[in-house]
Structures are given as structure tokens and as C-alpha cells.
There are 2 protein chains.
Amino acid sequence: MKSLSIKDIAVKAGVSITTVSFIINGKARDKSISEAVIKKVEKIIVESGYKPNQIARSLRTGNSNIIGLIVEDISNSFFSKIARLIEDKAYKKGYKIIYSSTENHIEKAKELITMFKSRKVDGYIISPIKGLEEDIQQLMADNKPVILFDRNLPDLDANYVGADHFKATYHSIESFIKQGKKKISLVTIDIDVQQITERLTAYKKALADYDIPYEENLVLKVHFNQDEKETMVQMEKLFQTEEIDAVLFATNYLAISGLKVLKQTGKKIGNDFSVIAYDDHEVFELHTPGISAVQQPLEEIAETVIQLILSQLSSKTKLDNQHIILPAKLIER
Amino acid sequence: MKSLSIKDIAVKAGVSITTVSFIINGKARDKSISEAVIKKVEKIIVESGYKPNQIARSLRTGNSNIIGLIVEDISNSFFSKIARLIEDKAYKKGYKIIYSSTENHIEKAKELITMFKSRKVDGYIISPIKGLEEDIQQLMADNKPVILFDRNLPDLDANYVGADHFKATYHSIESFIKQGKKKISLVTIDIDVQQITERLTAYKKALADYDIPYEENLVLKVHFNQDEKETMVQMEKLFQTEEIDAVLFATNYLAISGLKVLKQTGKKIGNDFSVIAYDDHEVFELHTPGISAVQQPLEEIAETVIQLILSQLSSKTKLDNQHIILPAKLIER
DNA sequence: CTGAAAGCGCTTACAG
DNA sequence: CTGAAAGCGCTTACAG
């Protein structure tokens, strides 16, 4: 069954497609179409269930009412929660979301941008990775709204929304120190994105500020894509060989792996051994004992991102790029 | 900066746009374009970075290479994991995914289908809700590939991929019985979808098969959209008033709420009180003690769904609808 | 108050 | 071996 076109409606109503188009797009009054015609055409549209072909509309107008969302991995709960909130808010403004996961592969990320471009998406929300600077620059040169979130690219002057990882990490380490911890470990990953590296910087700074010597062997940098088994072996070694009394895990999945190791080896979390996870997760609340965690303000991040992109989409002129850093908070359990 | 069009390429190469189009679409040899011309045009395409406008292509060909994915809630880890797997596999075949969450609202679900229709998506992957039968029927009448997953609509003859919830529930209850449990409770939700209701049916059947009387007050049906606080109050009451020795939670979030209640009230899980959660979650593995859970075969579900839709998309003729029920397994912890 | 016509960037049947 | 032209379904500047 062919679907109806604007022409079919025009024929049924005995008017031109121009008139129908004006009515569909709410320009009827503007164009001084008579009320009688408007009523008649609207009636026919409703009765026939006609829906304009968005593809044709896009081709003609050059925009698609679609926002492209590029994340590292949609199945990661941080991203899926953000995606949900963004989708919800975008939807209410008539925008759809098309998403895809980069899996941290630069080639896939580049391909995605190309694909989104050829689909003429109206704007881009990107959790970027290093190496994407030029492509993003290109998008902005093409005058497309771009909002980076979660991760920033320092070499790029672009809109960015993220949490204050430095401060949150600093506070976490500080809270360990105030509990009297001396041998504080950091388990992190080896990817070179600001969002991750600043956790290490903050860790070092906090130690320095409290005159605690930095010990290289207390920092475990897990290889980004490695097997969880291997990660667990490395952690087990770390937990055993040192008189560690506190660990900050730089991501929630590292923390989860860490908890598995502790469970297996029977090492207890308690006064002698404290743990903080970066990025909260349901696991941590339910764990016995509860695991303290740094919580990113998901709602606010999503809200800010969508706000920014919508204002760019509706603005005729190029707006100034904004850098919005939201506070993350340490939930003590 | 305007992006290049096929015309620009044609002009640069000194050939017609027809020729360029044939080359882009790999029909050059078919149409016996000379090797020399092919080489020249391909060179220009690569050098200029030309990408065909997919919108124009869609308008002309009537398909979009986009698959619409409609789920209840993309931030639910079951769906986000499936989405990730589906996206991955679709991507490799040149299809993109556009997704949206229904939040179990029939109006939103209907709107989404309309929207996807007007965007001319090539196929639909839907975790449906009751009331959507007609709309889905319509899609199939329009000859669009539709795959339902997770939830089935019994009144509809459509492709469906899901797990065997009846069997998995039956086995769970059976395992309680074999442990000698007498007062087995079921905590479920009150939505009327087959996937949920059959968990109750299986519960009753297993009890009956083992001559254990069915007691209405051992079944708690939580209202679908109610506040977690309220759910927890109801559960607390349930856990106290009866000599319950086992609980099957019909969804993972119910189980999580249940675990919170147990933690708060100090009720211990152990030999006197066993728990199984339906749909696994990282929480359950890490919980002390570990929580047994029914695990749906995510990979296989995603794989089957994508397989089915791709075969439909590439097939000229209408294929027979398939019902594929995959086994879910009980992970004992 | 309303309509004819151009054009968005492609694909493809047809012609040579 | 290659191209001119129609047409996908819209929007909009222009004309009346």
C-alpha cells in the first residue's frame, strides 16, 4: 500500500499542494488562507491519517530533526541513562535521536560522523575520543551544533558539559586521608582522555597537599580493553603486595571487578581497608558493606546538554561555545 | 560550506551524473562503464571526500537503511545491552539504528511508530505493549519487516524472539521445592503482558505439580509504575507476616528493591530464606551471599533478532513468521 | 486569498 | 560505452 502524499490530499480537497503545505506547516494564517479551506484540509488530513514524508521534507529543507548521539558504549549504564534523558527531552521538542557506540575506536567514530553527516543530522552530541578533533572542528565549521559531553578534548574550542572529576577525585582522596589512611591506591585505566587523566592528577595533588609521598606501585593502570580476568589478576597482586589501606577505583566497572577480587580472596572492606568507586552503580548501594561512590549528576548533565543543543538549533547566529562543569558528589556509605 | 553533490563530481570528471551514480553504486561493470572512467571517477570521489546524500537516496529509493528500535526503556540494562548488540551487528551490514523508549505508554508507542514510518525506516524491532496490535498489523500489511522481542502479543501472528519464561520460572520454583521449601513467594508486577503473566502461571503449575497448595497471600503483585518506596513497604510486610522460606522476584529491579528491604530489616538470606531473581544483574553476583538468578540469553536474542530482520530485509518475498523461544537458564549462586 | 513551477540530490528506465 | 530526463515528495519565492 503506497502511503498518501501531499498531492493526494490536495486533490481530495480540491486545492493546490502549496495550500496544503502551508496548512501542514502552520503558515496558513500567515499566508492568509481562508478559515474554510484550512478547516476542510485539516479535516481531510486527520481522516486520511496523512503524515508528511520527512525524507522529502529533509531533502528540501536541509535539516532532519534528528540529533546524532555518539557515545562510547550505549550498554554502559552511565551512557544509557544519559541517552534516555536526552531522548526524552529531545522528543518533546520534536527531535529524534540516532545513536551509535564508538567502542573507543577512532575509525568507527570517524565513520559515524560521516554517516551522520550524510544523513544530515541537525546536531551532534558526542562523547569524544582523542583523534576526533579535526572531524569535530569540521562539523563546527559547517555550522552544525556540536555538544561534547563526559569527555573533553582540550585542544578544541567546543561546547562541553561534564563533571568536575578533578575536584571529586581530590575530595575522595582527602576523605581517605582524613580517615587516617596512609597507603592509598588508585586503580585506573590507561586511556589518554582528560576525564581519566585528571583523576590521576588530582590523586597526586591531594597526596602532595597532605605530605603523603606518591608511590608509583600504588597506582595500577589497567589496559583499556583487556579481559576482566587479567584485570582481576593484576588487582589481586596489588591488594596483596602492599599494606594498602584504601583504594579509589577510577571507574565503576573497575570497582566491580575489584569487589569480585575482594570477595574471592576474602579480603574484607572495613576500617583497615576502605574503598571508593568512581561513578555510582546499584551494586555499591546494595553491597555489604555499602561502597562509597562518586556520583555524577546525570540529570543535570543531560539537561544541560539538551538545553545547549536546542538553543543552538533554534538560534540563527553562531553562539559562543560554553564550558559547563558540574559538581560530582561523593556519596559516603 | 555546501557539501558536494553528485553533480559536482560529474562536472569534475567530465561525465554525466548517471555514470557517477552507477560507479558509486557498484553497477559500473554491470552497465559496462569503461575501466578508465571508473578509475578516474573513483579517484575524484576519494580525493574530494564526496559522500552521497542519504536523504536524497532515501527519497528516491524509498528505503533508508535505518532500522527502528522501540523498547520500553533504553536505560534498563536488559534493553541497552540488547540495543548495543543489535546496533553492532546492524552496523556491520550497513544499517543504522534509531531508537526510542515507550515507557510503557501506548500513545507514545503509537507515535513512535508513526514517526518511524514517516522517516521511512526499513524495518522495525519492537518490544511491544498491549494495544499495539493494530499498528503492528498495519506495518506488516505495508510489507515492512517487523520483529517483536522480549514480549509477545498473543493475538498477533508476527515474528517473535524471546526467552522461555515459563520453563525458567518453573525450574526456579522447582529448585526451591527440591531444597525443601514449603512457603514459596512470588513477587511480580501487575502488567498484563504474556512475558510477565506466564511467570505466575508457571509458579502455580510448579506448586500444583508438587502438591503444594497455592496461597494467594504469598503472591505480591506490585503496581507497575509505583514508587519504589511503596514497593518496599509492601515487600517488608510480605516478608514479615508469613513464614516464607523462599522468594522468586519476577524482575531484576523488584529483586533489587527486595534486597534493599532485606538489608534494612536485617533479614538474612540463607538456608531459611532463599531468593531467586529473574533477569540477572551485576548486583546479584557481587551480593553477599550471591543471589541466584535467571539469565536470559542476551547474545542469542540479539543475534536472532538481527538475523531475522536482515533476512527479511534482503528477501524479495514475504517470509513466514517465526516464533523463536530461547532457553533462559538459572544461575545458582 | 491561492497556485504553478523550480529545485533539493539522488536513481533508473530508456535511448542511442 | 554513456547521457538526457523523469520523478521521489516536499517547500517556498514569485506571481496574480
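In what follows, every chain begins at residue 1, and chains take the letters A, B, ... in the order their sequences are listed.
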Between P of C/dC8 and CG of B/L4, the distance in whole Å = 14 Å
Is it true that B/K110 and B/E133 have a side-chain N and a carboxylate O under 4.0 angstrom from each other?
-> no
Answer yes or no: is there a donor N or O on one side and an acceptor on the other, between the side chain of A/D73 and the main chain of A/S75, under 3.5 Å?
-> yes
Which whole-number value in Å describes the distance from B/N25 CG to C/dC10 C1'?
-> 9 Å
Whole-Å distance, A/K7 NZ to D/dC8 P, equals 7 Å
Kindly indicate whether the side chain of B/V41, heavy atoms from C-beta on, has any atom under 4.5 Å from the side chain of B/I24.
-> no
What integer distance in Å separates A/I9:CD1 from D/dT11:P?
-> 13 Å
Lys/Arg N to Asp/Glu carboxylate O, A/E72 vs A/K108, below 4.0 Å = no
Run the ring-centre check on A/F149 versus A/Y160 and record whether the distance is less than 6.0 Å.
-> no
In whole angstrom, give the distance that lies between atom CD1 of A/I6 and atom P of D/dC8.
-> 14 Å
Any residue of residues 13-23 of chain B with a heavy atom less than 4.0 Å from an atom of DNA chain C = B/I17, B/T18, B/S21, B/F22
Could you tell me whether A/D8 and A/K12 have a side-chain N and a carboxylate O separated by less than 4.0 Å?
-> no
Report the stems of DNA chain D as range-with-range entries sorted by first number; a stem here is at least three consecutive pairs, Watson-Crick or G-U wobble, both distances under 3.5 Å, and write none if there are none.
-> C:1-3 with D:14-16, C:5-12 with D:5-12, C:14-16 with D:1-3
Ignoring hydrogens and angles, tell me if any N or O in the side chain of A/T61 forms a donor-acceptor pair with the backbone of A/N63 under 3.5 Å.
-> yes
Could you identify which residues of residues 34-62 of chain B place a heavy atom less than 4.0 Å from some atom of DNA chain D, listed by residue number, or say none?
-> B/S34, B/V37, B/L59, B/R60
Does a donor on one side chain and an acceptor on the other come within less than 3.5 Å for B/N65 and A/R119?
-> no
Would you kindly give the CG-to-P distance between A/N65 and D/dT11, to the nearest whole Å?
-> 12 Å
